Each structure stands twice: as C-alpha cells, then as structure tokens.
Amino acid sequence: MERPPLWIGRAAKIAGVLLLLQFLFAFNSYAQSGTISGKVSSDKGEALAGATVVIVEKNLSISVGSDGSFSFSKLEDGSYTVTASFVGYASGTQSVNIADGKAQTVDFTLTPVTQSIDEVVVIGYGTARKKDLTGSMVTISERNFNKGIMTNPDQLIQGKTPGVMVINNTGQPGGSVTVRIRGNSSIRASNNPLFVLDGVPMSGNSPLPEGRGGFSSDRGNPLTYLNPGDIASMDILKDASATAIYGSRGANGVVIITTKKGKAGPPVLSVGASAGISNMREYPDVLDAARFREALKYYTPSEATNADFGSNVDAFKAITRNAVTQNYYADVAGGTEHGKYRLSGGYLNQNGIIIGSQLKKYTANFTGNFRFLESRRLGLDFSLFLTQTNNQYAPINATVGSEGNLISQALQWNPTRPLRDEKGNLTFINASTRNPLATIDAFKDRSVTNTMVVNLAPYYKITDDLEYRFIYSVMRQTGNREGIYRAGIIDPNGVNDEQAFISNNGETNQQMTHTLSYNKQVSDDWNINAVAGYEYLDYNFNNNITFGRGFNFVGLDYFDYLQYSTPATREIASYRSPTNQLQSLFVRGGFNYLNRYLFTATARRDGSTKFGANNKYAIFPSVAVAWNIAEEAFLKGNSNINQLKLRLGWGETGNQEFPSGASLNRLVFGNRSISQANYGNPDLKWETSSTINAGIDFSILNNRLYGSIDYFNKKTTDALFEQTLAQPAPAGRVWVNLDGEIVNKGVEIALTGTVVKTQDWTWDLTGNVTFLKNSVSGLVGYYETGALRGQGFSGVLGQRMVNGQPLNVWYLAIHEGIDPQTGMSMYRGADGSISSANDPAINKFYNNSPNPTTLLGISTNVTYKKFTLGANMNGAMGHYLFNNTAATTLGLSNLSLRNIGSAFFNTDVKESTSNSAAPSTRYLEKGNYLKMANLTLGYRVGNIGNALKNFNISLTGQNLFIITKYTGFDPEVNTDGATNGIPSLGIEYLPYPPARTVLLGVSFSL
C-alpha cells in the first residue's frame, strides 16, 4: 500500500486542527448563547413600559419596551439574580439558572406602592431621595395630574397639594392664571412663584402684547408654550429651607417642572388623541322676556308698553356656542444606556365658548441624553422646545367705560327686543346701548406668539462621587398682535372713524450655570452631599405698538395699511427694558447619619442690577434638620409605623419681581418731549421673607395610610413699593422699601389612604387642607387698590393695605337693606346709625378679606379590573368676593330699557329704580366653593393584534359642577383691579365665563 503524498498528510493535520478550532468556537458560541427574556407587568396585567431590568452579576440593565418585554442574550451558563423596578411600584427579584445555553423566561408582576421614600425627587440644582428631604416640598407626578384639556402646566396641579392656590382668572382659552403658594406676601412686587423648567428659571413674562381700547385685556399665561403632555412631574418647594437656594426669587415658592426624557430600549411611538365639546356650565340668572314684562309693570308701569318689543330673546345664548376642541399628541423615544432620545409633537385646537375666540397651539420638543468616553464619565443633556400659539380673542375688557364689554351688553340686552330685524340686519339702538352680536362682528383681535427654549448641559464625573455640570440656556419669545375695530358696525355714525393697531413683544433670556456636586456614602453610617455653583442670568425685553384711526372700510384689514389712518390720530410707542442681570454664588451641604439624623444648610449670594448702588448684593441663608424616628431601634421593623419623620427649618428668601431700572433715574420720551418718570434710590434693596417651618411625615399600616402635617410662619419685610413724591418735591415717583411686615402663617395637612385593595378592586383617596391667616403691621398709613368699575363707579377703589388687617382687606360701605319707605339703600354711618341719608362714599369700614382662609383638595381613584375612575375636586373657603358685575351691570336702575338680574326683582321690598349702586357690602358675597374639576372614566383595552400596544380609551368631564352660594359666574375668578401696580384680589367684573367640557380620548403605542 502506497503512502499518501506528504502534502495530503499535512493537509489532514491542518484540517484536523481547523476542525478542532471550529468545534471549540462552536462550543464557546453555544456556551454564550443562553438568553433570559420575559415581561414586566403590573398586578392588573398592564405592561409597565420603561421599567428597568437588571442582571446583577453582569451589571447589565435594560429598559423594557412598550409591551413590557425584555431580553438578554449571549449569557454564559451560571446562576443570575434578575431584578425589575418601576417608579411607584415595589421592585421584584428572581434567581435564574442557565445550563447548556438554554433560554430562560422570567416574568415579573410588580405591585404599586402607596409611597416610596427611596424615590428620587428634583430639588434646586440637583436631586435627593425623598427620605433625605428636610424642607417642605411636594412632588406631583404625571399619573396624579388633573386630566382633560390643560393649556397651562399650573392647571395640572390645581387642588393637588396643600398650600397651593390656583385660580383660572378667565375662561378664555390660554388665559391667565393666578398661582399662590402659602398666600400673598407682597404689597407691590409679584406674588407669583418662580417656575423652573429643567433647571432653567423662567422670567414670568407673557409674550402676548397688550391690546388697545375695548380689545381683550387678558395678557395670557406665560407658561402656555409648554405642552402638558411633555411634563413628567412638578416639584413644589414651599418653605424657605427648600427655596433659599434660589435666593432673591424664592420668596413666593418655586415650582420645578421636569419634562419627559428618552428611555433605553428600541424606539417606541406613543400616540394620544382627544376631542370634545365645551359649553356654558350655567347661564347667568337674568330675567327672561316674561319676567322682564312683569318687572316693567311692577317697577315702571308707565314705560311698560314702550319697553316691550314683543320678542323673546336670550342674548347670552346668542353670543355663546358649543365649542369643539381637538388635541393630538405623539412622541417617539428610545436609545441605549449610553444615548437616549425623545421627540414629541402636539397640536391643540380649542374653540372658546364665546363666538370668535380660539386657541391653536403647535408644540415640538426634542431631548437627548448622551454619555461619552470609554468610562462614560462625560455626558451631555440637551433639550429644545418650540411652540407657536395662534389666538383669537373675544372683546372682553375689564377697563371699558359706560358702553360695557361683550358680556355686559349680552346681560343687559332687553329680552323682548330682537337682535336682528326682519331682513336679518343687526338691531341698532344707540352708541351706548350696543348689540352684542354687533360687538362680535366689530372687533377682530388676533395674535401669534413664538417661543424657543434651548438648553445644553454638558457634565463630567470627575470621580464616582464628584460631578461638574455646566448649563447654558437661551429662551427667545416673540409676540405679534393685530386688531381692528369696525366702529360703523356698532354705530353707523362711526363708519368714518374706525381703528386699528399692531403690537409686538420680544424677549431674550440667557442663563449660564456652573455647579459642582458631591455625594458620597462615607461609611455605612454617614452620607454627605453638597453642591456649589455660580449662575448668571440676563433678561432682555422690548415692545412697540402702532395705532391709527379714521379708516373707512374698503374690504381690507386696517392693520395692513396703518399709514392710511388720519395723521393726527396716529400713535407710536416703543420700549426696551433697562439692564436686568443677576449673578449669584450658592452652596448647599447636608449629611445623613444612620438614616435617622438629617441636616441641610444653604446660602446664596445674589447681585442684581435692579437694586440701588448701596444694596446690589444680599445673602439668603437657610438651615433645616430632620429626624427619621422610624429608623430608631424602638420603631424599626414595626409593621404599623412604616415612616415617621420630624422636620424643622428656617430660611430667608427674596423678591425682586418688579420693574428693572426702578432704583435709577429714568426718563420717558413723549411726543417730542422728555420727562422724568422715576427718581433713583441708591438704597433700594430686596424685599425679604423669613420663614419657619415645622413638619411631620408619616406612613402607617403597611403604607396603606400616609401623609404630612406642616406649620409655617412667614414674615415679609422691606416691602418694595412705588411712591408718588410728596410736594414740594418735583413731580414723579420713586421706589422705596416700606416699614412694616406682612405675616402669612398656617397649617397644611395632606392625607392619602388605600381604602380597598383586593385582587379586582383598588380604591385610593387623597385629601388636603390648608388653613391660612394673613395680616399686615407696621405700615405708615395705608395703600389703596382694587379698582371697581362700571356705571357710577369711576375712580372707586375697594381694597386697602393697612395695619391690623389682611392684605387687600375690603374697605366698603356697609349696606343695611332697602328703606321700605323710600326704596333707597340704607348704609351704616360712622356713628352707628342706619339710614339712606348716610353717604356710602364717606361711611366706609374694613369688612372681610378676599384671601381664602381654607384651601381644599380631594382626589380619588377607583380601579376594577380594566376599568378606572378618577375624580379631582378643589375648593376654597373663608373669603369674600366683590360681585362687580351685579353692582354696575345688573342693578334695578337699568330698567326700563335694559335687563336686570333676577335677584334684584324682589317684591318683598319695592326698591326704587333711581337707587344707584354704591361700592358696598351689598355686592360682597362669600366665595366658598367646592368644584368638580375633572372626572375621568377609563378602560384599558390592552394590546390589539401585533401593532397597537397598551390601547386605552377615556371619557373626561371638566368643570362639571360647583357647590357654592356665590351668585356670579364662578367664584374661581380674579379680574385684574390693580391700581398703581398694587395687585388686587377677589373682584369679578364681566369675565369671560368658564366652560364645561366633555372629552373622549384614546392612547396607544407602537
């Protein structure tokens, strides 16, 4: 037998080696091919998209997909510990063995926890574990927000937490909102809290330009540009120990808005849509045609025939409508642990219930979170917000004269007079008695506002415990508003004197912040955390307006050719704010010893261009301690007491929310003239608030019942105020710090409990209540505000800031009924007498307060299998509102040509039609109310086929009903009656009415 050639033998050896290598490679690959996969769901079977699954031994983590699924591959044989976690749910842990490279399936069912003290919350310039907090703060997450169509973020938290009052000033879509945290504390400067968006402090200015004349006087909400669908949570910092790190801007509390971010995992597209109808919840109670005829015969029989035009008209229904609302929202998010992204877009088209009013809003948001280098210590967070809002406004102005606005014209319209004649033409009476339909046609008022916010935040983890972060942000807002007034539609005699205006606003704000954060678990007993930083802020605002009149309609909008107006009527005005810059140094440090004893100290040094040369800088300190009693040996492990913590804090904060340049000599340019409008004050300094806060947090019965109780005492001194110079000084005004102090003190209670928890049923109930007391002392003299308006009320002020009284105390004549002999109003005199001869303009008294003494919030959620029912109510008590609408619009003196309110048709005592209205307690009403803000019924359909995931359907009702004895449109109202910059509170005068809305919504993911 011949031996094979040598090369064949060598080839066989090589082939054998290759075969062995291939086998080893295959074996190795097989050994690496084990997989662990599964799904993370809630105890109700709902996929928990975004939950985190971790293989402990491999330090591998992944965010689950929209259907709750996850998968790890290429795992060696061995034993592994797999954990699953999701915010608001108890974590799950399972042990898994992989042998022979086989696949293993692990499913997690997580149950919600009523409270997680290890949850991380956002605080000023950082984060903290909830159990490490020493200050008074509340976190409201997305799942606890109010539901329905929300045009502004502050509406999401109405009634949700103690100490926070949110008032929708108007029913105009996108209209202004009043927000107060722990009451009013300033006489002249702003009482609004500071809003911070992802670390960027907002200026609080609205991009909407002012109107002119009878156009809408509402300036809108400065937060309208945000889409509530982009918001993940809102953290409310209430006491000075929590807000002092914001220094000169923290006196009124801080609201930190955190937006949604991308999550690691494959791209997930989420979609939401809703549509609904809005209408009047309750029409004003004025006389219908039949009752009007009765009133004519009773009060003015001699005019009954002439004032009866034989028709039956409801003018208020004629100016309102069933308004359609549409809202669409979508986002796509995904990425890896080293790079996450999220892109969202939204479109809202909300028609107002007053004909001609509308809000269209287009929003886009792009965020990214990236980590670089092999160590992943270098990172970059960025976000971009783009918004455009298009508004159309109804002609509802609070400062109109005797002609009234659209609301008063509809209320006073004679219900027996047709609004149109037989030919369909609008009925004309005279220039002062206006047809409300003509007013709608006569005004065109529209605006376009654009907002862009760019936020770049690179950071570097110097060590595992030390991180440097730089934030640079730019906010640019522009607003354009155009209006025309077709005077000839209302009064044919005005056809050659029609008007138009163009108004523009622009604002550019910049922020640069450097922070160095340190957080280290020094030992098993000690944890130390600290942050130090430098911040620079620059705010730049400008506006201009051009007005003209003398137009004659030729089919074009007048604002497109303002140069055609009569030269003598043209007006031009422009403004740019003086330099408004703030630079600050801040530091916060704290420690946690044994998870029992907590300490936090903060200091911020602010320098502002707003203040005088002698007081440009100020330091705002705070200190707070807490004791986790539940961690003590005598309570630890107690099944009945799960958490018990005492908190005590003190701090100082400031308020600089007043006009830039107030400490300087300022000149104003007129029509070829210059005058001094402001005299400088080099000693002008910060308005300062000092707050003491004591609180207790508790959780009992295996976390079935938890809550908190806080007591606070807040004193505000050196109140900023603009005074008129007393003679013989030159004419002009000067800003000063007033003597005296404003005190707000109260108690806040929040309580949440799980009433029922079975396999199919869950019922949670949350309630909060706040008891407030406000007072003023130490002022020299008094300061007036609260402009009351309407026929006979010219120049009348109804509120004062005075010692021994709450802010904005009512100062009015006391009405003692109708004199049955004369039909005239009787008033109390200074000597105690009661007579119609007592002059109400002279005999005035301090009487009640517009500040609520009690705030209420109630929320409940009921779940049965796939059904959910959520309800949110809010209310306020202990305050009084002035029904200015009733006082000057609905009174008996309107007869016989105009309608009156039903309450004034009283046959018990025959009031005289010559009894003129006066600013008195006759129109001062209790403002107590409890409102069903929103009610939502939802059904979780689940997955539909392989395409639609987590399909949900909901039906939501907003502003469904209100329990109150207040007779006006709505006790949740605050018509602006500010005088000389001093804010008012609690006045209702011809507002845009609130609407009831019913919405059908769907949401799903792909």
Side-chain angles (χ1 to χ4, degrees), residues 213-215 280 283-297 299-300 302-321 353-357 393-397 400-445 484-499 551-553 555 790-791 885 888-902 905 913 990 992-993:
F215 295 86
M280 284 286 296
Y283 282 92
D285 191 9
V286 296
L287 301 182
D288 60 18
R291 290 278 288 164
F292 182 76
R293 292 184 178 99
E294 292 178 19
L296 290 177
K297 293 176 182 178
Y299 290 106
T300 59
S302 62
E303 302 174 19
T305 302
N306 294 335
D308 186 353
F309 296 91
S311 190
N312 186 352
V313 173
D314 189 328
F316 213 91
K317 286 187 178 179
I319 66 169
T320 59
R321 63 183 175 184
I353 59 173
I354 299 294
I355 293 173
S357 57
Y393 303 97
I396 299 176
N397 189 295
V400 289
S402 60
E403 75 277 5
N405 67 22
L406 178 64
I407 301 301
S408 63
Q409 293 158 18
L411 290 172
Q412 293 180 328
W413 186 260
N414 183 334
T416 69
R417 184 192 293 269
L419 290 162
R420 297 181 183 272
D421 61 23
E422 296 82 359
K423 297 181 179 180
N425 298 317
L426 293 169
T427 302
F428 171 70
I429 304 175
N430 54 56
S432 59
T433 304
R434 296 185 173 183
N435 186 325
L437 294 183
T439 297
I440 290 176
D441 290 346
F443 284 86
K444 177 182 285 188
D445 186 3
I484 66 173
Y485 170 48
R486 297 282 314 283
I489 292 178
I490 291 178
D491 181 0
N493 296 321
V495 70
N496 294 317
D497 191 23
E498 302 193 333
Q499 307 170 17
F551 292 97
N552 190 318
F553 190 64
Q791 190 71 30
T885 303
T888 57
T889 303
L890 300 177
L892 200 62
S893 59
N894 280 324
L895 285 176
S896 60
L897 296 179
R898 297 179 179 179
N899 202 0
I900 65 172
S902 296
F905 187 3
T913 56
L990 307 178
Y992 191 118

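This structure is a prediction, so every number in the text was calculated from the model and none was measured. We use all heavy atoms of the structure for the numbers below, so side chains are in, but hydrogens, waters and symmetry mates are not. Residue numbers count from 1 along this sequence.
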Can you name the nearest heavy-atom pair linking [X] to [Y], along with the distance?
X	Y	answer
P418	F309	CD-CB, 4.4 Å
F215	K444	CE2-O, 3.6 Å
A307	S896	CB-O, 3.5 Å
L990	I396	O-CG2, 3.3 Å
D491	F428	OD1-CZ, 3.5 Å
A318	I355	O-CD1, 3.4 Å

Around Q791, counting heavy atoms of other residues, nucleotides and ligands shown, do more than 12 lie under 6.0 Å from its CD? no
What I'd like to find out is whether the side chain of [X] reaches to under 4.5 Å of the side chain of [Y], using heavy atoms alone.
X	Y	value
L437	I319	yes
F551	I484	no
L287	I900	yes
L895	F292	yes
P395	L406	yes

Checking the side chain of [X] only, and the main-chain atoms of [Y] only, is there a donor and an acceptor separated by less than 3.5 Å?
X	Y	value
E403	A431	no
N894	G891	yes
Y992	Y393	no
N397	N405	no
T913	L892	no

Drop me the distance from [X]'s [atom1] to [Y]'s [atom2], to the nearest 0.5 angstrom.
X	Y	atom1	atom2	value
E303	L296	CD	CG	8.5 Å
Q409	S432	CD	OG	10.5 Å
T439	I407	OG1	CD1	10.5 Å
E498	F553	CD	CZ	8.0 Å

Audit row: I490, Y485, side chain to side chain contact (heavy atoms under 4.5 Å, CB included) steps and yes/no: CA-CA 10 Å; I490 291 178; Y485 170 48; 3.8 Å; yes
Listing request: all side-chain hydrogen bond (donor to acceptor under 3.5 Å, both in side chains) pairs with a residue in residues 304-318, at least two apart in sequence or in separate chains. R293-D308
Sorted by first residue and then second, give each side-chain hydrogen bond (donor to acceptor under 3.5 Å, both in side chains) pair with at least one member in residues 415-428; sequence neighbours left out. N414-T416
How far apart are the C-alpha atoms of Q412 and T889, what are their side-chain angles, what is the distance that settles it, and do they pass the side chain to side chain contact (heavy atoms under 4.5 Å, CB included) test? CA-CA 7 Å; Q412 293 180 328; T889 303; 3.7 Å; yes
Between L897 and T433, does the side chain to side chain contact (heavy atoms under 4.5 Å, CB included) criterion hold? Intermediate values first, please. CA-CA 9 Å; L897 296 179; T433 304; over 6 Å; no
Looking at the rings of Y299 and F905, which for Trp means the six-membered one, are their centres under 6.0 Å apart? yes
Do R291 and E294 sit within salt-bridge range, that is, some charged N less than 4.0 Å from a carboxylate O? yes
Do W413 and L419 pass the side chain to side chain contact (heavy atoms under 4.5 Å, CB included) test, and can you show the C-alpha distance, the side-chain angles, and the key distance before you say yes or no? CA-CA 9 Å; W413 186 260; L419 290 162; 3.4 Å; yes
Those residues at least two apart in sequence (or on a different chain) that pass salt bridge (charged side-chain N to carboxylate O under 4.0 Å, His left out) with D285 are none
